[in-house]
There are 2 protein chains.
Amino acid sequence: MSKDNISRIKLLDAAFLEVYKFGYHGSATAKILKEAGVPKGSMYHHFSSKKALVLAVVKERILPKMDEFFHFERAQDETAFECIERTVRHIGINKPLVTYGCPLYRLMVEMSSLDEDFDKAVNHGYAQFIIRLRRVLDSGIDDGEFQSFDTQEFAEFIITASWGRLSLSPSLSSSTAFKKHAQFILQLLSQYKV
Amino acid sequence: MSKDNISRIKLLDAAFLEVYKFGYHGSATAKILKEAGVPKGSMYHHFSSKKALVLAVVKERILPKMDEFFHFERAQDETAFECIERTVRHIGINKPLVTYGCPLYRLMVEMSSLDEDFDKAVNHGYAQFIIRLRRVLDSGIDDGEFQSFDTQEFAEFIITASWGRLSLSPSLSSSTAFKKHAQFILQLLSQYKV
DNA sequence: CTTTAGTTAGACCAATTAGTCTAGTTTTAT
DNA sequence: ATAAAACTAGACTAATTGGTCTAACTAAAG
């Protein structure tokens with residue numbers, strides 16, 4: 001601790017952006033350093049390696065940001081369907097998300113086969129989402145809002161379909177296409193409505 | 001031409017596998033060379049660079065393979081729905097596809113932001129699939145099999161949802177999960193049936 | 001003040017990487 | 001058989017990369 005930690009913060013911010021845009025191998029440390037305006041010595045004081053830096057980006061920046069973004073919690077006055085609807089619709093509204101795709105996803109695709117630590121860190125994130133999403137769906141069944149169905153399957157469907165859309169979005173998507181995509185998912189879900 | 005081209009073929013095969021498993025940056029030329037059992041001189045005789053080699057892999061291996069795999073053409077005795085059904089179901093059956101994800105996709109995620117040539121080559125592939133898929137859907141409408149609907153949107157939905165499933169599949173999927181995923185898509189499509 | 005831990009600074013190093021070069025070998029055409 | 005082209009071979013090069021090292025600066029604590 002002490003002093004200010006401003007270098008550490010700058011490094012995490014710069015590394016996040018670089019890795020988001022160009023991936024792990026596409027982001028040279030020198031470039032991250034330059035963007036952050038921080039010398040090499042500082043970086044290796046705060047982080048033991050490039051890998052450690054990017055792993056810190058995942059844990060301290062990306063995962064929390066996604067947690068906040070996908071607020072898979074039912075608000076008090078909200079039905080389960082409304083909660084899912086809000087969440088799914090939310091995805092297509094986020095500009096950088098639609099433009100650059102999911103930041104975790106890009107890292108995962110590039111790194112999960114090369115490094116076990118990345119594999120773990122990243123898969124943990126997705127597993128969390130599915131669990132939470134499923135919880136909302138289950139609560140809808142408990143409330144008698146939905147008939148009984150395989151919520152695990154459906155949660156996975158929502159996540160994978162949305163991620164597919166997100167990840168292909170740089171080449172395909174307009175925000176209108178996103179709306180339609182969300183609509184398809186919700187249409188399916190509404191079939192389970194009692 | 002001349003002689004046999006066996007080195008070129010070996011190089012394409014080895015490069016495909018390496019890049020499929022470890023991505024572009026994860027595959028050192030030396031490793032590809034070793035796997036192929038071909039010396040460096042041969043490689044640089046046949047290909048001007050690593051990039052040219054991998055681009056050739058995309059054009060001569062991956063895209064044709066996908067073309068063949070996603071046979072988006074209606075057989076004579078087949079309804080449009082059956083054609084889509086066959087195609088979508090087909091995805092979850094392919095072992096390496098389910099295990100490693102879509103080979104084009106991985107390259108795209110890693111390289112499209114770094115290199116324009118990759119960007120073009122890869123996006124061309126996806127655009128083709130959507131066009132073909134759409135053609136099948138349109139023919140279904142023409143035949144009076146489906147009511148009229150936005151086939152472009154739906155084609156994109158099928159592609160993005162399937163790719164999302166494929167790409168997350170290394171961390172998520174069982175083949176049963178894949179079946180269910182296909183079922184969801186077909187369920188949606190069947191709503192347009194006349 | 002002075003000490004000490006924390007942090008900055010960037011020149012330097014080692015390793016890895018893609019890519020070159022030239023000498024040789026094989027194939028094909030004449 | 002011989003010449004020309006195609007291809008093989010791998011040691012070597014140049015550049016980029018992540019990572020190290022030591023000197024200096026800064027901030028609080030005694």
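Keep in mind that this is a model prediction, so the values were computed, not measured. Proteins get letters first, then strands, A, B, ... in listed order; numbering begins at 1 in each.
Taking the salt bridge (Lys or Arg N to Asp or Glu O under 4.0 Å) definition, one finds that A:R74 meets it with A:D143, sequence neighbours left out. In this structure A:Q128 satisfies the side chain to side chain donor-acceptor pair (under 3.5 Å) test with no other residue, sequence neighbours excluded. Residues that satisfy the side chain to side chain contact (heavy atoms under 4.5 Å, CB included) test with A:S112, not counting sequence neighbours, are A:M108, A:D119. Annotation: side chain to side chain donor-acceptor pair (under 3.5 Å) contacts of B:Q187 (sequence neighbours excluded): A:Q191. In this view, A:E60 and A:R8 satisfy the salt bridge (Lys or Arg N to Asp or Glu O under 4.0 Å) rule, not counting sequence neighbours. With sequence neighbours excluded, the residues that form a salt bridge (Lys or Arg N to Asp or Glu O under 4.0 Å) with B:R86 are B:E78.
The pair A:K51-A:D117 counts as a salt bridge, with a side-chain nitrogen and a carboxylate oxygen less than 4.0 angstrom apart. A salt bridge is absent between B:R106 and A:E110; no separation between the charged side-chain nitrogens and carboxylate oxygens falls under 4.0 Å.
In this structure, NE2 of A:H45 is placed 13 Å from C1' of D:dA27, rounded to the nearest angstrom. Atom CG in B:L33 sits about 13 Å away from atom P in D:dA11, given to the nearest Å. Atom-to-atom, CD1 of B:I6 to P of C:dT25 comes out at 20 Å; the value is rounded to the nearest Å. Atoms CD1 (B:I32) and P (C:dG19) sit 11 Å apart, rounded to a whole Å. Atom CZ in B:F47 sits roughly 16 Å away from atom C1' in C:dA18 (whole-Å rounding). Between B:L11 atom CG and D:dA9 atom P there is a gap of 11 Å when expressed in whole angstrom units. Atom CZ in B:R8 sits about 14 Å away from atom C1' in D:dA6, given to the nearest Å. Atom NZ in B:K34 sits roughly 18 Å away from atom C1' in D:dA9 (whole-Å rounding).
Side-chain proximity of B:P39 to the nucleotides C:dG10, C:dA18, D:dG10 is greatest for D:dG10.
Screening residues 26-49 of chain B for salt bridge (charged side-chain N to carboxylate O under 4.0 Å, His left out) gives B:E18-B:K31 as the qualifying pairs, with residues at least two apart or on separate chains.
Each end of the helix from C:dC1-D:dG30 to C:dT30-D:dA1 yields a helix axis from five base pairs, and these two axes differ in direction by 0° (to the nearest 10 degrees).
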Dump the pairs, protein N or O against N or O of nucleotides 19-23 of chain D, anything under 3.5 Å, distances to one decimal.
from, atom 1, to, atom 2, distance (Å)
D:dG19, OP2, A:Y44, OH, 2.9
D:dG19, OP2, A:K50, N, 2.8
D:dG19, N7, A:K40, NZ, 3.0
D:dG19, O6, A:K40, NZ, 2.8

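An OP1 or OP2 oxygen of D:dT8 is reached within less than 4.0 angstrom by a side-chain nitrogen or oxygen of B:H46.
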